[in-house]
Amino acid sequence: MESENFLLTIAVIAVLVSAGGLGFTYFTLDNFKQNWLTGFATSGTVNITVVNTASINFDVDSINWGSGSIDSGQTSATLYTGGAEPRVINGNWTAVEQGFRINNTGNTNLTINLSASDTVANFIGGTNPSYQWNVTDYVPGACTGGITLATFANTATGAGTLICDQFNYIDGADVIRVDIKVVIPYDAPATAKSNTITATASAAA
Amino acid sequence: MNKKNVIAILLIVAIVLAAVTIVLNLSFNNDNDLTANTISQVNEEATGSGQVSLVVNPPAAGNP
């Protein structure tokens with residue numbers, strides 16, 4: 001008789017637990033349908049669109065050497081950003097250390113092309129002028145592939161030149177630097193000179 | 001009705017309730033018959049620009 005009472009107690013507990021479980025499941029699922037799912041449907045298709053945003057910003061967007069002239073007895077003056085001092089050779093322009101700084105502010109690796117708004121002949125003029133850019137990592141690992149970093153190369157107009165094949169978007173490794181070097185010959189027109197460097201970015205393959 | 005019959009009935013009730021719970025869960029899972037996932041990527045293009053500027057004054061006396 002004692003064992004029957006025990007089994008009876010166990011059976012009652014089993015019924016109560018089962019009933020509780022059923023009630024809990026029912027109300028939990030009902031609550032889930034009502035409050036957690038938006039537009040609950042019995043069937044359908046889930047469309048997920050992942051937008052890879054190509055976005056860049058010139059954190060430093062101006063290189064201005066100010067006003068100056070070529071030193072007496074010299075055939076040209078050379079101005080450059082970055083590198084070692086003096087950064088102005090054979091002239092009295094204001095030295096500029098900081099080159100352009102381009103930041104990948106999007107969420108995907110980018111391919112970057114640079115182009116200049118005008119040719120060196122139109123921008124500087126005179127005999128044998130030079131207008132070059134030099135792309136380097138501002139932070140290590142920002143650009144992998146596509147160019148030889150840390151080398152001055154002639155600027156290009158129109159479609160421009162590929163400067164970075166894989167421009168990293170990860171914060172902390174997503175900034176490149178573009179330094180500029182110009183050689184101003186003695187016979188360059190004495191005027192205010194301005195040139196726009198445009199970077200065009202698209203999602204890297 | 002003796003105690004054994006009561007125990008048996010209670011156990012059957014418990015089993016039925018557990019079975020109903022299982023069916024409820026299965027029916028909920030079957031409710032979500034989402035047939036396809038489509039992932040698409042939209043690539044955009046961006047541009048930025050910087051300005052290089054200087055003023056060239058007439059050369060100092062003594063230049064070529």
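Worth knowing before you read on, the calculation uses all heavy atoms, side chains too, and leaves out hydrogens, waters and symmetry mates.
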Note: vs chain B, highest number of non-hydrogen pairs under 4.5 angstrom among Ile124(A), Ile63(A), Leu114(A), Ile10(A) is Ile63(A)
Chain B: which of Thr25(A), Val96(A), Ile112(A), Thr191(A) shares the most heavy-atom pairs with it under 4.5 Å?
Thr191(A)
If I measure from the heavy atoms of chain B, does Ile184(A) come under 4.5 Å with its side chain, its backbone, both, or neither?
side chain
Checking heavy atoms, do the side chain of Phe123(A), its backbone, both or neither come under 4.5 Å from chain B?
side chain
Looking at Lys181(A) and Asp179(A), is any side-chain nitrogen of the basic one under 4.0 Å from a carboxylate oxygen of the acidic one?
no
Would you check if the side chain of Asn92(A) reaches a backbone N or O of Ser69(A) as a donor-acceptor pair within less than 3.5 Å?
yes
Describe, in one word, how the ring planes of Phe58(A) and Phe100(A) are oriented to each other, choosing from parallel (under 30°), tilted (30 to 60°) and perpendicular (over 60°).
perpendicular
Asn57(A), part contacting chain B, at a heavy-atom distance under 4.5 Å:
neither
With distance as the sole criterion, is a donor-acceptor pair present between the side chains of Tyr131(A) and Asn154(A) under 3.5 Å?
no
Tell me, please, whether Tyr138(A) has Arg101(A) positioned over its six-membered ring: NZ or CZ under 6.0 Å from the ring centre and within 45 degrees of its axis?
yes
Please look at Ile197(A) and chain B and tell me whether the side chain, the backbone, both or neither of the residue comes under 4.5 angstrom of a heavy atom of that chain.
both
